[in-house]
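A short write-up of the structure that comes next.
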Amino acid sequence: MDSRIKFREERMPNNRAATATASTTAKAPATAKAPATATTPAVATAPATATPAAVATAPAPVDIPRGLAGVVVTETALGDVRGLEGFYHYRQYSAVELARTRGFEDVWHLLVHGELPDAAHGAAFAARTAALRRLPDEVRAALPAIAAATGPAGPLAGLRTALSLLGAASGFRPLYDIDADRRQADTLAVCAAVPTLLTALYRLGRGLEPVEPREDLPYAANYLYMLTGAEPDAERARAVEQYLISTIDHGFNASTFTARVIASTGADVAACLVGAVGALSGPLHGGAPSRALDTLDAIGTADRIDPWIRARVLAGERIMGFGHAVYRTEDPRSRMLRDIAQGFGGSLVGFAVEVEHRVEGILAELKPGRELHTNVEFYAGVVMELCGLPREMFTPTFAAARVVGWSANILEQAQDSKIIRPAARYVGPVPPVPVPPASAPRAEAPTVR
């Protein structure tokens, strides 16, 4: 049986087609190819307690790999990751080529409208989104309290609360109740505001006043300006812009899938993005850029590379910045960011390149047959450090880019939205068991331990 899940269509209000009911009998579309990583066959079994009528009408359960690895859950026109080839794309264009040749707003336009803009349309889109950067007064007034409450947890934790407030203050309504134009307007407003929120929360947490956004600066340059209070030089602004473009979208990762699951309920855009940010906050997803740089700090000098790495590999510890859940070759984002870092030069870059080579050599020796290369986090940390971003802003900076990809996925899910509702296989004690009688109340109070 095919291990892929195909979703059957059912029409819902507002002409949204449903996509989330698992069907074990429907075949995948002719254009959909089974992922190379999907190796576990699906096993269909009827529930032991199902009645004959239920067995005849309900889809049978399907066993799938842990973590949904290799499971195709829907179709998307936004992009894809080809792990075996070391390639990923936004719509029909190489994401790395887009990062090398276009600006952030052009790629944002591509994901929202399905095409790269010409000069006139690009300028109009950039002006439209730049005008949305300022926050509603109610949100601005609340940011000091949010920054104080989140404290050491940092701007990403504060962003969850700020996004909820922004959605309420902006009058966001459930996706289920609004048309496509309003959905798009809501996503543009949030994407434009996220850099303003993140930089304000960061500065407030350090006793600094937030810096108001500038409409005359591009997305990345304005982000750096609001973070530091100084207009960045062109080289650093472009380096950060290329990083942001390269991380806008990347398949059905945990945060993107979370956003789509929430969107399938018909919730508003802010609710979808709050869930995505929560998923991103996990160290296994978005927390590695600073941790990869911490690895370089811990190694310290070239003569310590081999003993430091060997000790951790032999202990079964993960080397942050190496390996990826999808890529089985070099991460194309890492390759591009290495080139950017080498353009800056300096001792940090040279040391990072040396560590990369030695780690790959040691991993090949101690774990033969496994393809482990640097992922995006390794050189992302180096590039952001060189551009003056504080380490606690590495993952928030990632979020400032990925919010555009999340939003594009939310819009796509809202077009075809039956609630996503999978099942779990129960493995607890066999029911039904008689409920035991309640024990008689004790006269004395129980001892608190």
inquiry  = Under a 4.0 Å threshold between the charged nitrogen and the carboxylate oxygen, would Arg183 count as salt-bridged to Asp179?
reply    = no
key: Between CD1 on residue Ile178 and CD on residue Gln184, distance to nearest 0.5 Å   = 11.0 Å
ask   = Between Tyr225 and Arg214, is there a cation-pi geometry (under 6.0 Å to ring centre, at most 45° from the normal)?
value = yes
task = For residues Ser246 and Tyr88, report the shortest heavy-atom separation together with the two atoms involved.
result = O-OH, 2.6 Å
Let me have the donor-acceptor pairs involving side chains of residues 106-113, under 3.5 Å, with sequence neighbours excluded, atom names and distances please.
residue : atom : partner : partner atom : Å
Asp106  : OD2  : Arg102  : NE           : 3.1
Asp106  : OD2  : Arg102  : NH2          : 3.2
His109  : ND1  : Glu115  : O            : 2.8

Leu197 and Val139: CA distance, side-chain angles, deciding distance, side-chain contact (heavy atoms from CB on, under 4.5 Å) verdict = CA-CA 9 Å; Leu197 291 170; Val139 177; 3.9 Å; yes
Output side-chain donor-acceptor pairs under 3.5 Å for residues 382-389, partner residues at least two apart or in another chain, one line each.
residue : atom : partner : partner atom : Å
Glu385  : OE1  : Arg391  : NE           : 3.4
Glu385  : OE2  : Arg391  : NH2          : 3.3

ask   = Any idea which heavy atoms bring Gly275 and Ile262 closest together, and the distance?
value = CA-CD1, 3.7 Å
key: Pairs satisfying salt bridge (charged side-chain N to carboxylate O under 4.0 Å, His left out), at least one member in residues 275-284, at least two apart   = none
message = Just verifying a value: how many Å separate Ile309 CD1 and Glu360 CD, rounded to the nearest 0.5 Å?
response = 11.5 Å
key: Counterpart residues, side chain to side chain donor-acceptor pair (under 3.5 Å), relative to Thr301 (two or more places apart)   = Asp303
key: Plane angle bin for Phe257 and Phe252 - parallel if under 30°, tilted between 30 and 60°, otherwise perpendicular   = tilted
Worked check of side chain to side chain donor-acceptor pair (under 3.5 Å) between Thr196 and Tyr223 = CA-CA 7 Å; Thr196 311; Tyr223 177 70; over 6 Å; no
request  = Search all heavy atoms of Asp233 against all heavy atoms of Arg236 and return the closest pair with its distance.
outcome  = OD1-N, 2.8 Å
task = If a pair satisfies salt bridge (charged side-chain N to carboxylate O under 4.0 Å, His left out) and one of its residues is in residues 392-404, list it, with sequence neighbours excluded.
result = Arg206-Glu392
request  = Tell me whether the guanidinium CZ or amine NZ of Arg312 lies under 6.0 angstrom from the six-membered ring centre of Trp308 and within 45° of its axis.
outcome  = yes
ask   = What salt bridge (charged side-chain N to carboxylate O under 4.0 Å, His left out) pairs are there with at least one residue in residues 89-101, not counting sequence neighbours?
value = Arg100-Asp339
